[in-house]
Amino acid sequence: MKKFLLVNFTTHAEGAKEVPYLWLTLRSYFQRNSINPSAWEWLDPIHDDYAESPEQIINHIVEQSPDVIGISCYMWNDKLTLHIAEEVKRKLPNIKIIAGGPALYYERDKSWFVSHWYIDVVCEYAGYGEVFITDYLDGKDIKSIPFAVYPALRRAFWNKSTVEINRREFKYPLPYKDNVEYLKRFKQKYQNIKVILDTSRGCPYSCSFCEWGGGTSTKVVFKPREEVFEELRIIFETLQPFYIDIINANFGVIKDDVLVAANICTLHTEYKCVESVTLYGPTKSNKKNLKEIFDLFLQHGIHDSLKLSIQSTTQEVLDNINRIDMSYDKQIELYGELSNKYNIPLRFETMIGLPGETKESFYDMVGKLTQSDLLYPLIHEWQMLPSAPAADPEYSTKMEIKTKKVIYHHDGYDNHIKSKSSVINVDKGIRHLLEDQKYLAPYDIVVSTYSYSVEDWTELELFKYYYTFLNATRILTPIQKYLQSLNVYMKEFNRSLFNDFLTKIPMVNKAYKDFIECIKNDEPSDIFYADLAPNLPYISHYSTLKFLILLNPNGFFSALSLWLKSKYGDDKTFDMICEQLADNIKTPMKMQLDPKEAVAQTLAMCKYWRGELFLDDFRSEY
């Protein structure tokens, strides 16, 4: 019997371990569709990067002596995964290595198989990996395997298989039902578990910035409802999931999705185990179904926000990115009822730097999204995904797109302070290898198009960091409420807040100038951390204002009040709001501590950019 091994390092879920879903679904499909399933032993997958060194994982693979290794490459794991694959090939030269995932950039380089000499064949990212691997392990000729990309002309070139499948006839695997014994062992090892739910494949839309497993601008294939319900029962009985991630591209597009959501709620009521459910791709077309789904999850306490994607409120932008969605105003009308019912904000996901956006239109959009304390913008960079329509040279040229390579931080949201002297060494004890700087692969973000400059982008990106902190900690809430009572539109307030107040603070001004230089240079750059002073560690842009406020709350809020009065009139209410905010900041600087110790404790509070900022009983009067 031959042996197959999958290497797929999963993401780090806070307080939970993610099931190796790719292995579960590949194995299930193979067992159900192979011409000879007993010919292959499926070794337990390698999904955890927690080890002393890559060599420990490499040696573990070599000891098992697999005949075929499958690797799956994403932006967070590609450097480590490819390094391990290459070293395994050196030790086991006869082994076959097949690869998949969105972080294989062969489309940019016809000689890709030369530099990646250790990889024998690739599965197209938008392909169905189950079909590809089953046909490969069944020994079919590589040219007849759907989605296969294989080397030619002594690896100096590559070809693609022209064989296609009828996606409508795809037989959905049953990853949880067919792997119960493995899942029982998984549950014994990990207490809190994140499960992946996939009830449809493909996406009928072709948003220019997006790539999605199963393909965009394709027919959608739905998993039969009865099979979904059966697997959900097994998931809850076997794993008692802590997190559930639904990875459909358009969950809610059909009524069955509402029934799936209701079934999850029923099972949660029985098992009382789910902390939260995350929708990676809420429907763009059937918002009434989505409203029902949100209502169910909120009612059962397994969802804590109303997150909706609009990308932009500017029609020119939406036309450029081929975005089809309900208008912002109609979504406010539809979901406002739920927002008020559960007293939670509507979180609108937007992106910085889409083609057609300008500084003016961006500030206008953020102004609209902060006109109420129940509205909240979630602002992301535009990452240029290699298989997205926007990566096509013709589109890129038309939109005058310029990109910048930046460094990915695997633990960025959990670590907002970084020592200038420490360099993480992969050989120092057991650790998460993906957090080692050696394996932080750079990726491309868009920093300029025909409608805005690099300088415009740097302003909006840094504004995003500061504004996200000020909104999430509710510092701006009483100020915004009072200004709105004076009929002040938030667009101009937001722009002036950044340009006329924040960037006049010396440390912020230094961070801003450094950030511009960082974006303009040609080397891959770290855009997450700021170097505020020689005697301070690196501090993330999210935590920069937190540090300055904790360091000197009276100084920060006195300056803020002066700026507000200079802009909106000598109104004593600004003094009272800012004094109240300053008085209720919980900071070590107000304690009777040695100054160095007080600063050290202040920095420790900034490791997490949200955290507790105000005294526990603080409630603003405004």
Side-chain angles (χ1 to χ4, degrees), residues 11-16 49-50 76 192 275 304 378-381 406-426 428-440 461-462 464-476 502 505 507-508 510-511 514-515 518 525-553 555-556 581-582 584-591 593-616 618:
T11 55
H12 299 162
E14 184 179 354
D49 66 318
Y50 198 64
W76 62 81
N192 292 337
E275 177 71 15
D304 60 2
L378 291 170
I379 307 169
H380 305 288
E381 299 91 1
V406 299
I407 296 171
Y408 176 79
H409 284 279
H410 197 280
D411 63 339
Y413 284 97
D414 298 323
N415 191 11
H416 289 257
I417 299 292
K418 186 176 76 169
S419 171
K420 290 177 179 175
S421 61
S422 67
V423 177
I424 300 172
N425 190 324
V426 77
K428 282 190 175 180
I430 297 176
R431 58 177 295 103
H432 285 298
L433 301 182
L434 290 174
E435 294 174 5
D436 193 292
Q437 293 175 354
K438 185 177 181 180
Y439 300 111
L440 297 178
E461 174 72 357
L462 210 56
K464 175 208 77 174
Y465 284 119
Y466 298 155
Y467 199 75
T468 298
F469 163 75
L470 292 171
N471 265 277
T473 52
R474 313 295 283 180
I475 288 172
L476 284 181
L502 292 176
I505 301 171
M507 281 190 176
V508 173
K510 179 184 183 306
D514 289 348
F515 194 69
C518 167
S525 301
D526 187 338
I527 66 169
F528 192 72
Y529 292 102
D531 184 5
L532 299 180
N535 60 338
L536 290 174
Y538 296 114
I539 300 175
S540 83
H541 293 296
Y542 284 116
S543 277
T544 294
L545 293 187
K546 182 175 184 178
F547 175 70
L548 296 176
I549 290 170
L550 290 173
L551 196 66
N552 185 4
F556 182 89
L581 289 169
N584 284 278
I585 293 292
K586 183 167 60 177
T587 172
M589 304 305 294
K590 294 180 179 180
M591 303 176 188
L593 298 172
D594 174 79
K596 287 186 178 179
E597 176 62 22
V599 172
Q601 289 193 24
T602 297
L603 285 168
M605 289 181 68
C606 294
K607 182 177 181 181
Y608 304 102
W609 68 276
R610 289 174 183 259
E612 294 299 324
L613 197 64
F614 293 106
L615 298 174
D616 294 340
F618 173 60

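Atom set for the values below is all heavy atoms of this structure, side chains included, hydrogens, waters and symmetry mates excluded. As the structure is a prediction and not an experimental result, all values here were calculated from the model.
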Atom CD1 in Ile417, atom CE in Met605: separation rounded to 0.5 Å? 11.5 Å
d(Tyr465 OH, Ser543 OG) to nearest 0.5 Å is 11.5 Å
Do His541 and Phe469 make a side-chain contact, defined as non-hydrogen atoms from C-beta onward lying under 4.5 Å apart? no
Before accepting this row, confirm whether a basic side-chain N of the pair Arg431/Asp49 lies closer than 4.0 Å to the acidic partner's carboxylate O. no
Contact between Met507 and Leu548 at the side-chain level, heavy atoms closer than 4.5 Å - yes or no? yes
Check each of Lys546, Lys607, His416 against Ser540 using the side-chain hydrogen bond (donor to acceptor under 3.5 Å, both in side chains) test, and report the only one that passes. His416
Would you find a donor on one side and an acceptor on the other, under 3.5 Å apart, between the side chain of Lys590 and the backbone of Ile585? yes
Mind checking whether Met589 and Thr602 have side chains closer than 4.5 Å, heavy atoms only? yes
Please identify each residue that fulfils ring-ring contact (aromatic ring centres under 6.0 Å, His included) with Phe547, with sequence neighbours left out. none
Closest approach of Ala598 to Pro588 (non-hydrogen atoms, all atoms of both residues): O-CB, 3.7 Å
N/O donor-acceptor pair under 3.5 Å between Ser525 side chain and Val406 backbone: no
Once you round to the nearest 0.5 Å, how far does CG of Leu470 lie from CG of Leu476? 4.5 Å
Taking the side chain as every heavy atom from C-beta outward, state whether Tyr542 and Tyr466 have any atom pair closer than 4.5 Å. no
side-chain contact (heavy atoms from CB on, under 4.5 Å), that's the test. Do Ile549 and Thr473 meet it? Break it down for me. CA-CA 12 Å; Ile549 290 170; Thr473 52; over 6 Å; no
Output all residues satisfying salt bridge (Lys or Arg N to Asp or Glu O under 4.0 Å) with Glu461, sequence neighbours left out; order by chain, then residue number. Lys464
Can you sort out the partners of Lys510 under salt bridge (Lys or Arg N to Asp or Glu O under 4.0 Å), two or more places apart, ordered by chain and number? Asp514
Counting C-beta onward and ignoring hydrogens, is there a side-chain heavy-atom pair between Leu551 and Phe556 closer than 4.5 Å? no
Less than 4.5 Å apart, side chain to side chain, heavy atoms only: is that true for Tyr538 and Leu532? no
So, for Leu550 and Cys606, which heavy atoms are closest and what is the spacing to 0.1 Å? CD1-SG, 4.0 Å
From OG (Ser419) to CG (Leu603), nearest 0.5 Å: 11.0 Å
Run the salt-bridge test on Lys418 and Asp531 with the 4.0 Å N-O cut-off and return the result as yes or no. no
Would you say Asn584's side chain and Phe614's backbone share a donor-acceptor pair under 3.5 angstrom? no
Test item: Leu545 and Val508 side chains (from C-beta on) under 4.5 Å apart, heavy atoms: yes
Is there side-chain contact between Val599 and Glu597, with heavy atoms separated by less than 4.5 Å? no
Which atoms form the tightest heavy-atom contact between Thr544 and Ala530, and what is the distance? OG1-CB, 4.2 Å
Which distance, rounded to the nearest 0.5 Å, do you find between the CZ of Arg474 and the CG of Leu581? 12.5 Å
